[in-house]
Protein chains: 2
Amino acid sequence: MKNRLKVLRAERDWTQADLAERLDVSRQTINAIEKGKFDPSLPLAFKAARLFELAIEDIFQDEETT
Amino acid sequence: MKNRLKVLRAERDWTQADLAERLDVSRQTINAIEKGKFDPSLPLAFKAARLFELAIEDIFQDEETT
DNA sequence: ACAAAAAGTAAAACGAACTTTACATATAGT
DNA sequence: ACTATATGTAAAGTTCGTTTTACTTTTTGT
């Protein structure tokens, strides 16, 4: 699962810690998601979508063919 | 987290087992998600969106105010 | 009413999502 | 070069998503 969090942060000049705070998760969680270590839960994806005022699909991209 | 899985199944005349098979999860997982026992993972939400050719937001609805 | 299929439920087990604490490395400003 | 801020990483622990097995209840068809 790819995501555009780093770019969306950059556009707003937010640090990982800033984003973490706004999403109510730990900084390590943001880091891990950005680095692709794991996928966010669906509720967290919704929260990010609300924060950035984007569709989930515009932030997170599935990379499945099947 | 609410979802429209039951309706989407009904429109296609699929049982929970049918949907489970198409999404590659167990029937109990579908049942639990439909009954609101837990939220699907983001990858599973994407899979459902692809299957139904809908946006994730058109299948699953967050019910958060904060 | 009966049988078959579908839906609901529950417990045990496992991996994934997330936390806290802690430290290491990188980047930027003076 | 020094300091502060930002990012990366790791271990241990908790909760959540999912599976398997198995049983009960509801719905549907004849």
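Protein chains get the first letters and strands the later ones, always in sequence-line order, with residue 1 at the start of each.
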Looking only at heavy atoms, the pair that brings Asp58(A) and Arg4(A) closest together is O-NH1, 3.4 Å
Base, sugar-phosphate or nothing for Thr15(B)? Non-hydrogen atoms, less than 4.0 Å.
sugar-phosphate
Would you indicate what Asp24(B) reaches in the nucleic acid, counting non-hydrogen atoms under 4.0 angstrom: base, sugar-phosphate, or nothing?
sugar-phosphate
I need the [atom1]-[atom2] distance between [X] and [N], as an integer number of Å.
{"X": "Phe46(A)", "N": "dA17(C)", "atom1": "CZ", "atom2": "C1'", "result": "17 Å"}
{"X": "Ile30(A)", "N": "dT20(C)", "atom1": "CD1", "atom2": "C1'", "result": "16 Å"}
{"X": "Asn3(A)", "N": "dA17(C)", "atom1": "CG", "atom2": "P", "result": "13 Å"}
{"X": "Lys37(B)", "N": "dA7(C)", "atom1": "NZ", "atom2": "C1'", "result": "11 Å"}
{"X": "Lys47(B)", "N": "dT18(D)", "atom1": "NZ", "atom2": "C1'", "result": "12 Å"}
{"X": "Glu34(B)", "N": "dG17(D)", "atom1": "CD", "atom2": "C1'", "result": "16 Å"}
{"X": "Leu42(B)", "N": "dC16(D)", "atom1": "CG", "atom2": "C1'", "result": "15 Å"}
{"X": "Trp14(B)", "N": "dA7(C)", "atom1": "CH2", "atom2": "P", "result": "13 Å"}

Sub-3.5 Å donor-acceptor pair from the side chain of [X] to the main-chain atoms of [Y], do we have one?
{"X": "Asn31(B)", "Y": "Gln28(B)", "value": "no"}
{"X": "Arg9(A)", "Y": "Trp14(A)", "value": "yes"}
{"X": "Glu57(A)", "Y": "Ala55(B)", "value": "no"}
{"X": "Gln16(B)", "Y": "Ile30(B)", "value": "no"}

Can Asp62(B) and Arg50(A) be counted as an ion pair, charged N to O under 4.0 angstrom?
yes
Would you call Glu21(B) and Arg27(B) a salt bridge, using N to O less than 4.0 angstrom?
no
Taking side-chain hydrogen bond (donor to acceptor under 3.5 Å, both in side chains) as the definition, give me every residue that meets it alongside Asn3(A), ordered by chain and number, with sequence neighbours left out.
none
Using a cut-off of under 3.5 Å, enumerate the N/O to N/O pairs linking the protein to nucleotides 13-16 of chain C.
none

In this structure, CG of Leu23(B) is separated from CG of Leu51(B) (nearest 0.5 Å) by 5.5 Å
Between CE on residue Met1(A) and CZ on residue Phe46(B), distance to nearest 0.5 Å:
5.0 Å
Does [X] make a side-chain N or O approach to OP1 or OP2 of [N] shorter than 4.0 Å?
{"X": "Asn31(B)", "N": "dA7(C)", "answer": "no"}
{"X": "Lys35(A)", "N": "dG8(D)", "answer": "yes"}
{"X": "Thr29(B)", "N": "dT18(D)", "answer": "no"}

Closest of dA10(D), dG8(C), dC18(C) to the Gln16(B) side chain is dG8(C)
On DNA chain C, compare the nucleotides closest to Ser41(B) and Lys6(B); which residue's is nearer the 5' end?
Lys6(B)
In B/S/- notation (B base, S sugar-phosphate only, - none; protein heavy atoms under 4.0 Å), nucleotides 22-30 of chain C written 5' to 3' is B--------
